[in-house]
Amino acid sequence: MSVPAYTLNDGEELPQIGFGTYTLRGEDGIAAITSALEVGYRLLDTAVNYENEREVGEALRRSAVPRDEVKVCSKLPGRHHGYDDAIRSTHESLDRLGLARLDLHLIHWPNPSVDKYVEAWQALVDLQRDGLVTSIGVSNFTDAHLQRIVDESGVTPAVNQIELHPYFPQEEMRRANADRGIRTESWSPLGKRQAPFTEPPVADAARNHGVDPGQVILRWQVQLGALPIPKSATPERQRSNLDVFGFELTAAEMAAITALGRPDGRLFGGDPDTHEEM
Ligand SMILES: NC(=O)c1ccc[n+]([C@@H]2O[C@H](COP(=O)([O-])OP(=O)(O)OC[C@H]3O[C@@H](n4cnc5c(N)ncnc54)[C@H](OP(=O)(O)O)[C@@H]3O)[C@@H](O)[C@H]2O)c1
């Protein structure tokens, strides 16, 4: 299955849907990631803190898909925000993955109470300059965090990966990203366990278009201009989650799904101003 691409503000391309790998570990994890590549995913999202960079690298080697056709994204953890730690951490990620270069590297969380995310950003800027990382970005950054790293480094992230699903549609952050030319990537794009598959706007759209509710939610993501990274260990779901380019939601369907947003829609309280993830 061929997936259209987004062009980033640094001129690089990413597929409009990627594959989330959180919780995929060990032999079962490698099998699930290899299956995702076979089904057609060409962007794999991992992180130091998922403790599965080795599995991602092994799946890449086992799969028949050439390395150059796959984008690999990892994330720098909070405990490695110091400049030298960030450089070392990235080399260690490359070693675990068995790769010479990351296609995308993100600061996982800003951890503002530690207040070292500007140092971490400077390290990513230098790693990009030195050719170890192709594109650089952030995750869970607010408007203020974005403004600060851009002001202090002069370099705008290519991507900001944020929580985004129908219960948490993130209109302000999507605008803050778009105003700077930053591509919004969506984590927990299906809403994970709270998945709003049975909500009438989702179920009705699924019936109207002859697709399943997961496809409606991922199509909604793409029509927002976001890049969702759904995780599934199930080959059939992996396939259907990628198969969202043959139908289009109407403006009314889009608006009804976005209106599912609610004040308590955020998953596990991950507010970037207060949440610490080391
Ligand atoms: N940057 C961050 O701070 C951050 C935070 C959280 C997550 N992430 C990234 O985002 C990725 C995706 O988020 P996520 O894993 O939290 O949640 P998600 O992709 O929204 O949901 C995954 C869950 O939904 C199920 N599922 C997948 N497709 C389905 C379908 N079509 N119908 C019904 N159920 C379906 C999966 O079960 P099965 O596996 O059984 O199919 C799994 O339990 C992660 O893997 C990770 O890479 C990043």
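Nothing fancy with the numbering, it's 1 onward along the sequence. Counting starts at 1 for both ligands and their atoms, following the listed order.
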Asker: Can you tell me if Q161 and D45 form a side-chain donor-acceptor pair at under 3.5 Å?
Answerer: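 Note: Q161 and D45 side chains meet the donor-acceptor criterion.
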Asker: Below 4.0 Å, non-hydrogen atoms only: which portion of K231 touches ligand 1? Side chain, backbone, both or neither.
Answerer: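 It is both parts that get close, each with some atom under 4.0 Å.
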Asker: Starting from Y50 and following side-chain heavy-atom contacts under 4.5 Å between hydrophobic residues (I, L, V, M, F, W, Y), which residues can be reached?
Answerer: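 Reading the cluster by chain and number, Y50 sits alongside Y22.
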Asker: Please check if any side-chain donor atom of Q215 sits under 3.5 Å from a side-chain acceptor atom of H209, or the reverse.
Answerer: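 No, no side-chain donor-acceptor contact under 3.5 Å.
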Asker: For ligand 1, is there an atom lying under 4.0 Å from some heavy atom of Y50?
Answerer: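 Distance cut 4.0 Å: Y50 passes for ligand 1.
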Asker: Do any N/O atoms on K75 end up under 3.5 angstrom from N/O atoms on ligand 1?
Answerer: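 No - when backbone and side-chain N and O of K75 are compared with those of ligand 1, no distance drops under 3.5 Å.
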Asker: Under 4.0 Å from ligand 1, counting heavy atoms only, is it the side chain of S139, its backbone, both or neither?
Answerer: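 Just the side chain.
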Asker: When you check the gap from the basic side-chain N to the acidic O, do D103 and R67 get nearer than 4.0 Å?
Answerer: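 Counted as a salt bridge, because a side-chain N and a carboxylate O are separated by less than 4.0 Å.
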Asker: Below 4.5 Å, heavy atoms only, C-beta onward: do Y6 and V222 meet side chain to side chain?
Answerer: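 Contact flag for Y6/V222 side chains = yes.
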Asker: Report the part of N241 in contact with ligand 1, treating N, CA, C, O as backbone and CB onward as side chain, heavy atoms under 4.0 Å; options are side chain, backbone, both, neither.
Answerer: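 Just the side chain.
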Asker: Purely on distance, is any nitrogen or oxygen of G214 under 3.5 Å from one on ligand 1?
Answerer: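 No - when backbone and side-chain N and O of G214 are compared with those of ligand 1, no distance drops under 3.5 Å.
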Asker: Return yes or no for this condition: an N or O of K192 is under 3.5 Å from an N or O of ligand 1.
Answerer: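 Looking only at distances, the answer is yes, because the N/O contact criterion of under 3.5 Å is met.
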Asker: Only counting residues at least two apart or in another chain, list the ones meeting salt bridge (charged side-chain N to carboxylate O under 4.0 Å, His left out) with D85.
Answerer: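 With sequence neighbours excluded, D85 shows a salt bridge (charged side-chain N to carboxylate O under 4.0 Å, His left out) to R88, given in chain and number order.
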